[in-house]
Amino acid sequence: MKLAPPRGRDLPASAAAAHESLEQRRVPFLDLRPSHELLRNEIVAGFGELIDSSEFVNGPRVEAFEEDFAEYCGVSNCVGVSSGLDALRLALAAMGATSGDEVLVPALTFVATVEAVRQAGARPVLVDVSEADYCLDVAAAADAITARTRFLLPVHLYGQLADMRRVTELASRRGLVVVEDACQAHGAERDGHRAGSCGSAGCFSFYPSKNLGAMGDAGAVTTSDREVATRLRALREHGQLVRHEHRLEGYTARLDAVQAMVLRHKLTLLEHWNRQRAAAASYYLDHLDGLGDLGLPPVAEGSRPVWHLFVITTADPDGLGEHLAAAGVESGRHYRRPVHLNPAFEDLGRQGEFPVAERLARAALSLPLYPGIEESQLARTVAALRAYFDGG
Ligand SMILES: *Cc1c(COP(=O)(O)O)cnc(C)c1O
C-alpha cells in the first residue's frame, strides 16, 4: 500500500528535500510527458485551428494522417477508426467474416483481439505461442486448421512481429486470410517487412500508451486492398459510401479530427521514439544477463522489435514486483492470465491446454520503458533487480 506523499511546503526544508529526492528517484512504469513536451506548441496551435475550423468529424486532418500513416507502414490505404478493437472487428467484417468462420488467435494477447473476433460474429480458436518470439506458434496454428478456418490473426506481442514469413506462407498454402493485430508494433520490422504491411489488413490502436498514442482513444486499419479500404470507410460510418446512402449496416467508429491532428504531429517523432525505446531495451539486455532465474525477452533473427513492453520472466513476478515497488520502481503484468483463463473466455480452452502461454503469464513482469526514460532510471531499475536476485 502506498501512502500519499506529504506536500513539500508543510515540511521543514531538510525533510522536503529528502521527500523530493525520493520522488526524483521514483521510476514510473510509463511517463508520457517527455514525449509530449517536444510537441506541446504545435499541438496547442492545432487545437486552436481546429476550433476555428469546426471540422471535428472527417475532413482534411483525418485524411492527412491516413496518408502519412499509410506511407509510414508501406501500404496504399489507411482507414482511421475509433480504437484498436474497432480496427480489428471492422477489418474482419470488411473481409466478410461471418458466423461459423474460425479465426486462429494466439492464447497470449490483450483480450481485445478475441473480443473483436466474437463481435465480428466469428469464432476465435486459440493457439499456443512460441518461445522464440512469444507470438503465434505457426506450427501449432497449422495443426489447428479445420474446414471452417478462414482467418489467421497473429498478434505482434510486446512490439515484435510474429513470424509473418511463415504465417503468410501457411495462409497461402491453406487458402486463409491474414489480419495482423499490430496494436503493439507501430514501426516494427521482421525479415524486411513492416507491421501492418504483411497481411491483408493491419490493425492498430493509438491508445495513449501505445508506441504511437493519441490523447484519447483511436485506431486505424492499413491495407493495400482498395476494396477492403472502401468497405472499411463505409463500416466506420453507418455503411455510407456516399452520404445518406446506406449500403451496409455500420457503426459510429470514425477517427476523430482532434486525434488525427495529434497523431499526425506525433508520427513525425515515432522513429525517434522507437530508437529511444530500443536503446533502453539494449541497456536492460546488457545489464540483466545472468541474474538468478531472470529470463530476457527473445528477439528472433531478422527481427527489429519496437519494444512496446520489455517483459522479463521469473518464478515469482508478483514478489519481484513488490520488491521493485519498495525501491520506487513501478512494473506491470502483461498479461497475468492467458485469454482462456479469464472468466469471460473460459469456454475457449482448458487449463493446461496452451502451456507456453500459461507459463509466460505466470512468469511475466514488465519493466519501465518509454521514450525519454533516463539512463539513471534504467540504472536504478537494474540495481533494484540485482538486489533482489543477489540478496535473496
Ligand atoms: C491495445 C490493444 C488492442 C486494443 O486497442 P484499443 O485501442 O484499446 O481498443 C488490441 N490488441 C492488442 C494486442 C492491444 O495491445
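Note that the numbering runs from 1 along the sequence shown for the chain. For ligands, and for the atoms within them, numbers begin at 1 and follow the listed sequence.
- Centroid-to-centroid, the aromatic rings of Tyr72 and His186 stay 6.0 Å apart or farther.
- Here Val155 has side-chain heavy atoms under 4.0 Å from ligand 1, and that is the only part of it that gets that close.
- In the vicinity of Phe110, heavy-atom distances shorter than 4.0 Å reach the ligand 1 atoms 2 (C), 3 (C), 12 (C), 14 (C).
- Residue Thr109 has at least one heavy-atom neighbour below 4.0 Å for each of these atoms of ligand 1: 13 (C).
- Within 6.0 Å of the CG atom in Asp289, the count of heavy atoms belonging to other residues, nucleotides or ligands does not exceed 12.
- The shortest contact between atom 2 (C) of ligand 1 and any protein heavy atom is with Lys210 NZ, 2.6 Å.
- Nearest non-hydrogen protein atom to atom 13 (C) of ligand 1 is Asp181 OD2, 3.4 Å.
- Within 6.0 Å of CZ on Arg118 lie more than 12 heavy atoms contributed by other residues, nucleotides or ligands.
- At the shortest separation from atom 8 (O) of ligand 1 among protein heavy atoms lies Ser205 OG, 4.1 Å.
- For atom 4 (C) of ligand 1, the nearest non-hydrogen atom of the protein is Ala112 CB, 3.6 Å.
- In this structure, Phe110 has its ring center no closer than 6.0 Å to that of Tyr207.
- For Glu42, the CD atom counts as densely surrounded, since its 6.0 Å shell holds more than 12 non-hydrogen atoms of other residues, nucleotides or ligands.
- Checked by atom type and distance alone, the side chain of Arg61 never pairs as donor or acceptor with a backbone atom of Ala257 at under 3.5 Å.
- Listed by number with element, the atoms of ligand 1 under 4.0 Å from a non-hydrogen atom of Leu85 are 4 (C), 5 (O), 6 (P), 9 (O).
- Within the 4.0 Å heavy-atom shell around ligand 1 one does not find His156.
- For Glu245, the CD atom is densely surrounded, since the number of other residues' heavy atoms within 6.0 Å is greater than 12.
- No donor-acceptor distance shorter than 3.5 angstrom exists from the side chain of Asn342 to the backbone of Ala344, with no hydrogens or angles considered.
- Of all the atoms in ligand 1, the ones that sit under 4.0 Å from a non-hydrogen atom of Ser83 are 7 (O), 9 (O).
- Atoms of ligand 1 found under 4.0 Å from any heavy atom of Thr113, numbered from 1 in the order shown, are 11 (N).
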